Structures are given as C-alpha cells and as structure tokens.
Amino acid sequence: MANFQKLTPRSEDYSKWYNELVVKADLAEQSAVRGCMVIKPYGYAIWETIQAELDRRFKEKGVKNAYFPLLIPKSFLSREAEHVEGFAKECAVVTHHRLMNDPNGRGVVVDPQAKLEEELIIRPTSETIIWSTYKNWISSYRDLPILCNQWCNVMRWEMRTRLFLRTAEFLWQEGHTAHATKEEAEDYARQMLDVYADFACIEAMMQDGKALQAGTSHFLGQNFAKSFDVQFLSKENKYEYVWATSWGVSTRLMGALIMTHSDDNGLVLPPHLAPIQVVIVPIFKKEDDLNKLLVKLNPIADQLKALGIRVKVDTDEKYTPGYKFADYELKGVPIRLAMGGRDLENNTIEIARRDIQTKETISIDGIVEKIQSLLEDIQRNLLQKALDFRIANTREVNSYDEFKEELKKGGFLLAHWDGTAETEQRIKDETKATIRCIPLADLPGHKNEPGVCMVTGKPSAGRVVFALNY
RNA sequence: CGGGUAGUAGUUCAGCCCGGUUAGAAUGCCUGCUUUGGGAGCAGGAGGUCGUGAGUUCGAAUCUCGCCUACCCGACCA
C-alpha cells in the first residue's frame, strides 16, 4: 500500500485531474459503448439527492411527473425544422426490429426482412413527441396550463465525450408546459429559472475559469403549438395557439458539482448533496476495543440519524484508519469523526472537516449539535467560496483589445455588445468566447449601464457576460 | 468526423524496435499470522482469449491491414 497513487494536481493538468477524480471517487466509469458511461452507486446516490431536491421544488410549482416514450417517429422531427437542426447530426436511428442467426457463421445479424417502414429516432429531447401528445390533451382553456416533467435518458451522438460533462447518453429532467397566455408562459419560464438558480448556478464558473452551462429554461413562444397544431378554445370561444416553456438539468450538473468544489485530495461535496454526510471511524486493535468504542459511537450515530443526517459508522477491520481517512477524503465526505482508546479515556473525539482540511479533538459532550451546525457551516462556506471565486474572476472590459487580452486569464468578462447575432458570431469566430448570460439584474460589484459595443461601437443596452466554455 | 498517441493480470506499466522456452513487475485481490491515532509488515496463493478480426510466417504480444475503445488537438454541438 506504500505506492498508492495520488490524483494528478489540478495545476499540472486540470483535465486529467477531473478524469481521474471521477473514476477514483467511484462516481462513474467508461462502458463498452463509445461515449456511454456507467454511473456507479456512489455517483448515482449524488444524482438521486439532486433529483429528490429538484423534484420537490418542481412539485411546489405545480408540476406533475409523466413519462413519454424513448422512440420518436422520424416524421415528428420533420415538423419543426429549426428545432431539429440542432440535433439532426447527432441522432441514433432505429431501422430494424429483429435479429437472426448469421447464416454464414456464428453470432447474430440484423434480419433484413425486419426493416421498419418508418424509422424511429432515439430521443435527443422530447418536445416533438410531447407536443403531439399535448394536442390530444388540450381542447379548452379549462385544460390549461399543463405542467409536466419527465426524468429520463436521452441520446446525442457526440463526437467528443467526457464523463458527466458530455456523454452520448445522459440522464436529465425535461419540463414542458403549455399555457393560455404569453405572459403566463414567460412568467413560468422565469420561475423555473429561479428554481434552478436557487439550487445551483445556471451558468457556473469552474476552477479553471471556464463556464459550464448547468441548466436551461426557455420561453418557446408558439412554435411548437403551431408545428403540432395545438389550439384551445378560449373563454371568448376563439381558437388560439398555446404558449410553451421547456426547462431542464442533466447529469452534467454532476460535472459542475465536481469541478466547482473539489481539490487535489479528491471530491469535496456540499453536505446537502453528500450521500454520506458524517463518517465515524473507530480506531481499535481488538474486537473488545471496538465494542467499547461503539458503546459511545452508536448513540451518536443514532442521534444524528434521528435528525435526518446521513451517517456511516465504519467498523471494517480490513482497512487501517489511515487508509479510511484518505479514502473518505477522496470521496468528499464533509465530516469525519475518529475515536480511539485515548479519546475513550478523555471523553473526547476527533472531528475533521473536508472542505478546509482541519481537524481538532473536542469533548463528545454536545457533539451532535456541533455536527449539525458544522454541516451548515460547510454548506455555507462552499457556496461562499464559489461565489467569491466567481466575483473575483468577473471583470469589466471596455475595448475589444482588452477583451482579447483578458480572455487569456479566464473567468467571466462583462462587456458591451450591440445585441446582434452577427457581432456575437464574429466574437466567437475570432476569440472562441461566447455570451453566457444577459444579466437581468446588477451583478455584485458591477452596475449595469448602457454603453457602446466594444466591437462595432453601436449602442449597447447593458453589459453581457462572455466566457470560454465547456 | 479529421490529425496525433495508446490498448499486455482488477489497476499502473515492462516486454514489441531486432518474431523463437512456461508472457513479467509493482500494486490490488484471497488465506494465515501480526498490526491498527494519516494510505502497515511477513509468508503463501489465485488471477492473462496480450482490445478485436484478418493477413505474413515453420512459428506472432512482437511485423502488415481493417475494426473497436480511450486520451490529446481540431471541426461539430448547447
């Protein structure tokens, strides 16, 4: 065990650090199929807490879960040309429905007799099948709004993949709502944006200064209603097209979570999302010693559990305490308690926090309350640290030259832009930077005022956020 | 999808250039003893279609070609 391998430090190779961390922390691994990953139990447990929390918040907004099929008739995708343009190049297509034994040898081949009349597309997203269904559900204004969400997998045939950040198959939720009025739909899209923003950052900054889109919420107008002819009879007895929104987050959020907080020793998890929030490591020589320790430790664990805290008592004899310490650090467990013979005599316990890597030996009196507040401290600290990092790496730039220079340093750049797609494209072509957000309110420390576009000199309503992104 | 690199034990790799005993090491795994306050020690043991398919050859982990997969660079993508 002397030659265990440490993670590649972030400063040496950020990308390599990320890849190693995902695998070593037992979150996910590659599968036999290109671009598809196996999410391991520890990684999936984190996804489940994310799911549970978001699902609760969606339901508070009146959303109901449903499930729509994986396979979409090809013809559906022909109905909304603009929508399909984004996905056409990365769709998996089902063309046959039967295999047969290879007449020339071993194995199986596709039965040419079993060709489908209409090919089916594995969903890259579900708008088309959902709107073709909504058409049947909606006839009157009394049927609106419809607020549905589904948790499912989708597939996009990506050329270059990375675990969690960009995989060919990924898990997500997609909400699709139908409303009677434009105002209501716009308001709803905005509300869902707030749900996400409250939960995580929508456009998050990673430790290497790049941006990562973690979630989206769109007001879709009447495009889908028109493509799929979804109309309702209003109070005034007139036919009108419904208004749509869609919003989603995916397992990409896991990548954001990992890259936002973790360090060279491994994962760092915010307590709210950690599958194990507190791990207790007894340090013992003989079973007898362990039993004596457990007399003290089990009641602590029980009290923590009663408070809804996820706690694990690690009595495994196979690994030494040192090994366990390092391993739980790699896995990002927020708080570690350790108790040995000395502590037993002194009525003390060692408490270590993962986020700032400190430990102290304290009396076990009041330990439960201490842990409870410490978990909140850690949660706050991690959020604050991420915010501080973002603020420290968000800068105003006033000329295109300055923009190009500052871009090399990474982070978010606040710059004036004339609002045209042409200028945005030119900036992208010349610098690779893209507009990440158009702030709806002042960002901390930056007052949003009108100005002139850094590229064209035309008027600008306010600064927008540019960054290099994943 | 283009260019580059790689694939040998669960993992990290040596062997390949220059084809020829029974394919090695470390670590992990299993058993026993001993240990346990920051990745313990000793002894024994199990573990390999050398990514895959073809070709060259008396003989292929080693040479040639196709395919698959991963990583890096690009293109594409939200």
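Just so we're clear, the structure is a prediction, and the values are computed from it rather than from any experiment. Below, read A as the first sequence line, B as the second, and so on, with proteins coming before strands; counting in each chain starts at 1.
Note: CG (A:Asn19) to P (B:rA6) measures 19 Å, nearest angstrom. Look at CD on A:Glu90: it is 7 Å from P on B:rA78, rounded to the nearest Å. Computed from coordinates, the A:Glu29 CD to B:rU11 P distance equals 9 Å when rounded to whole Å. B:rG74 atom C1' lies 16 Å from atom CD of A:Glu158, rounded to whole Å. Going from atom OH of A:Tyr14 over to atom P of B:rC72 covers 14 Å, rounded to whole Å. As rounded to whole Å, 10 Å separates atom C1' of B:rA75 from atom NZ of A:Lys432.
Of the candidates B:rG37, B:rC77, B:rG38, B:rG37 carries the atom nearest the A:Ile283 side chain, counting heavy atoms from C-beta on. Proximity note for A:Arg436 (side chain, C-beta onward) versus B:rA78, B:rA40, B:rG38: the nearest is B:rA78.
The ring pair (Phe, Tyr, Trp, His ring centres under 6.0 Å) test with A:Phe466 is passed by exactly one of A:Trp417, A:Phe412, A:Phe403: A:Phe403. Of the options A:Arg10, A:Gln207, A:Arg354, a side-chain hydrogen bond (donor to acceptor under 3.5 Å, both in side chains) to A:Asp263 is made by A:Arg354 and by none of the others.
Considering only side-chain N and O atoms, A:Gln213 lies nowhere under 4.0 angstrom from the phosphate OP1 or OP2 of B:rA78. OP1 or OP2 of B:rC73 lies within a sub-4.0 Å distance of a side-chain N or O belonging to A:Arg160. For B:rC71, neither phosphate oxygen OP1 nor OP2 lies less than 4.0 angstrom from any side-chain nitrogen or oxygen of A:Ser15. Listed pair A:Lys318 / B:rC30 meets the phosphate criterion, a side-chain N or O lying under 4.0 Å from OP1 or OP2. The side chain of A:Tyr319 contributes an N or O atom lying less than 4.0 Å from OP1 or OP2 of B:rC29.
Base contact: A:Glu350 has a heavy atom under 4.0 Å from a base atom. Nucleic acid contact class of A:Gly35 (heavy atoms, under 4.0 Å, all strands): sugar-phosphate only. Within the nucleic acid shown, A:Arg252 has no heavy atom closer than 4.0 Å to any nucleic acid atom. As judged by a 4.0 angstrom heavy-atom cut-off over every strand, A:Phe284 is placed among the base-contacting residues.
Rounded to whole Å, the C1' atom of B:rA6 lies 11 Å from the corresponding atom of B:rG51. Comparing the P positions of B:rG10 and B:rA60 gives a spacing of 24 Å, expressed to the nearest Å. Taking atom C1' in both B:rG47 and B:rC63, the straight-line distance is 30 Å, to the nearest Å. Taking atom P on both nucleotides, B:rG4 is separated from B:rA61 by 27 Å, rounded to a whole Å. The gap from the C1' atom of B:rA9 to that of B:rC13 amounts to 11 Å, rounded to the nearest Å. One P atom belongs to B:rG44, the other to B:rG66, and the distance between them is 48 Å to the nearest Å. One P atom belongs to B:rC1, the other to B:rG15, and the distance between them is 33 Å to the nearest Å. A distance of about 15 Å separates the C1' atoms of B:rA14 and B:rG48, rounded to the whole Å.
Residues A:Thr423 and A:Thr420 bring a donor and an acceptor atom of their side chains to less than 3.5 Å of each other. With 3.5 Å as the limit, one finds no donor-acceptor pair spanning the side chains of A:Glu329 and A:Asn265.
Annotation: cation-pi pair A:Lys404/A:Tyr400 present, NZ/CZ under 6.0 Å from the ring centroid and within 45° of its normal.
Note on ring orientation: taking the six-membered ring where Trp is involved, the planes of A:Tyr319 and A:Tyr323 are parallel (angle under 30°, cut-offs 30° and 60°).
At a cut-off of 3.5 angstrom, the base of B:rC77 holds no donor-acceptor pair with the side chain of A:Arg156. Interface remark: the A:Lys359 side chain does not form any donor-acceptor pair with the B:rG37 base, using a distance-only criterion of under 3.5 Å.
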